[in-house]
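Structure first, commentary second.
As the structure lists them, so they are numbered: ligands from 1, and atoms in each ligand from 1.
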Amino acid sequence: MNDDNSRELYDRALSVMPGGVNSAVRAAIEPYPFFVQKGDAGHVIDADGNRYIDWVMGLGPLLLGHSLPEQVQAAIQQKASEGPMYGTPTAVEVDLAEFVVRHVPSVEKIRFVNSGTEATVSAVRLARGYTGRNKIVVMQGGYHGAQESTLVEGTHENPAPSSAGIPQSFAEHTLPVPFNDEDAMREVFEEHGDDIAAVLTEPILANYGIVYPEDGYHEFLREITNEHGSLLIFDEVITGFRVGGLGCAQSEFGVTPDLTTFGKIIGGGFPVGAIGGRAEIIDGFAPAGDVFQAGTFSGHPVTMAAGLETLQFAAENDVYNHVNGLGEQLRSGLTEIVADQAPSYTVTGTESMFKVIFTREGPGKESLEEQCSAGCRQRPTCPRYDTCPKNAADVKNAETDRWRRVFWGQMKAQDVFLSQNQFECQFVSYGHTEADVEATLEAYKNAL
Ligand SMILES: *Cc1c(COP(=O)(O)O)cnc(C)c1O
């Protein structure tokens, strides 16, 4: 596989950009990432003309794949050609807000921003303003963007910044606990209950796993936050408009958070974020309320049109059936391959998300008949239940070096582009086909 152009571009990039990239994860590929020239349905073509089946899909935003339906493309081009933006409202912002309010259970009002990071920054500020409290509980291994309140690791007894440049005194307001651990959550509320503004969690840990919630876990979070007057914030930047269709993961789990953060799909492939929730809380944002929040590009017409047309297309076509069906085929195919070739590994994901976690321990081959058939659901009667990952620590214990140093490259050599590290989710799009799924399963069979 020739990669002269990518290598040359990376060489140039290293001289003018830190690590040669504009987002840290993109440099995870060694020795250097391939540069993309263009997309085509479920594929990308790199700067040297190599074509890959793409399961990264922009790290989540591209529900429809790389080839946008004509109506989506037309709306984007029209908005771009009318003059990019104005600093005063446009109709398409209201249209997209109405669409989201109509479909997502927790959302009565919404504010659009420019990234998932900006959405969680603003949601945390809003929660603190609304409750008059300082502390935020997060899940270990949860990802909420590159921001001060959530780049925190350790335990709730000993939180520490996970990045240079964040004061320890900031980190002290963030309390990390393990996902799926009710006792740890009870403990943190016993200790800090009166000062907890919110619990902030992804409904499914999608940036570290994928880890599915145990049955009843979100109901438990809803109860304990209610009891203590804290807010429950679902970070649906990945799961929003992917899991649970247009109702998002909250409709799938039947648990309504106070606030929801969005990003990725809601902007149809353009920079976006949003904070939605109960009107009474969202009205805390200035100018309705006293929590300051503003942005030059917020509600950008091109982004709003791309998001609206993408979601409308999904509402009127068989998008979710298509992506969820292929996801099911992938996960059940992987489950069979893993049972045969690497029985300790765990197939995870749901709907259009999938991953194989290289867990070191699992049940014996002979007992696998009753296992979750298309992705780990934390089902207590599954023979894998005692060894399947339930939180970030479990995921971290997997064979991540094998994944990174051996497996990822073997997949790339077979023209399959998987997420840049072991921890991130992979996505099915409307552009993918059964042939893509079959070729990918064949590649896993060769590489595992
Ligand atoms: C991607 C992501 C973010 C950050 O969004 P950006 O647009 O990259 O700032 C926040 N939360 C979750 C769950 C994400 O997956």
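For ligand 1, the atoms closer than 4.0 angstrom to any heavy atom of Thr117 are 4 (C), 5 (O), 6 (P), 9 (O). Listed by atom number, the atoms of ligand 1 under 4.0 Å from Glu202 heavy atoms are 13 (C). Taking every non-hydrogen atom of Ser115 and a distance limit under 4.0 Å, the qualifying atoms of ligand 1 come out as 7 (O), 9 (O). Contact atoms of ligand 1 toward Ile238: 15 (O) (distance under 4.0 Å to a heavy atom of the residue). Of all atoms in ligand 1, listed by their number and element, those nearer than 4.0 Å to a heavy atom of Asn207 are 12 (C), 13 (C), 14 (C), 15 (O). Taking every heavy atom of Gly145 and a limit of under 4.0 angstrom, the matching atoms of ligand 1 come to 3 (C), 4 (C), 10 (C).
Considering each of His144, Glu424, Lys264, Glu236, the one bringing a non-hydrogen atom nearest atom 2 (C) of ligand 1 is Lys264.
The ring of Phe292 has its center no closer than 6.0 angstrom to the ring center of Phe285. The ring of Phe427 has its center no closer than 6.0 angstrom to the ring center of Phe354. Aromatic rings from Phe262 and Phe234 are positioned such that their centres are separated by 6.0 Å or more. You'll find the ring centres of Tyr208 and Phe179 outside the 6.0 Å limit.
Any N or O atom pair closer than 3.5 Å counts here, and Asp235 shares at least one such pair with ligand 1. For ligand 1, the polar-atom distance check finds an N/O of Gly116 within less than 3.5 Å of one of the ligand's N/O atoms.
Here the heavy atom of the protein found nearest to atom 12 (C) of ligand 1 is Tyr143 O, 3.3 Å. If you check which protein heavy atom lies closest to atom 3 (C) of ligand 1, you get Val237 CG1, 3.8 Å.
The main-chain N or O of Ala146 is found under 3.5 Å from a side-chain atom of Thr117 such that the two form a donor-acceptor pair.
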Just do the side chain to side chain donor-acceptor pair (under 3.5 Å) check on Gln250 and Thr260 with the steps written out, would you? CA-CA 9 Å; Gln250 55 199 261; Thr260 303; 3.1 Å; yes

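With a heavy-atom cut-off of 4.0 Å, Thr261 does not touch ligand 1 at all.
Within 6.0 Å of atom CZ in Phe170, 12 or fewer heavy atoms from other residues, nucleotides or ligands are found, so the atom counts as exposed in its surroundings.
Donor-acceptor pairing under 3.5 Å is lacking for the side chains of Asp54 and His43.
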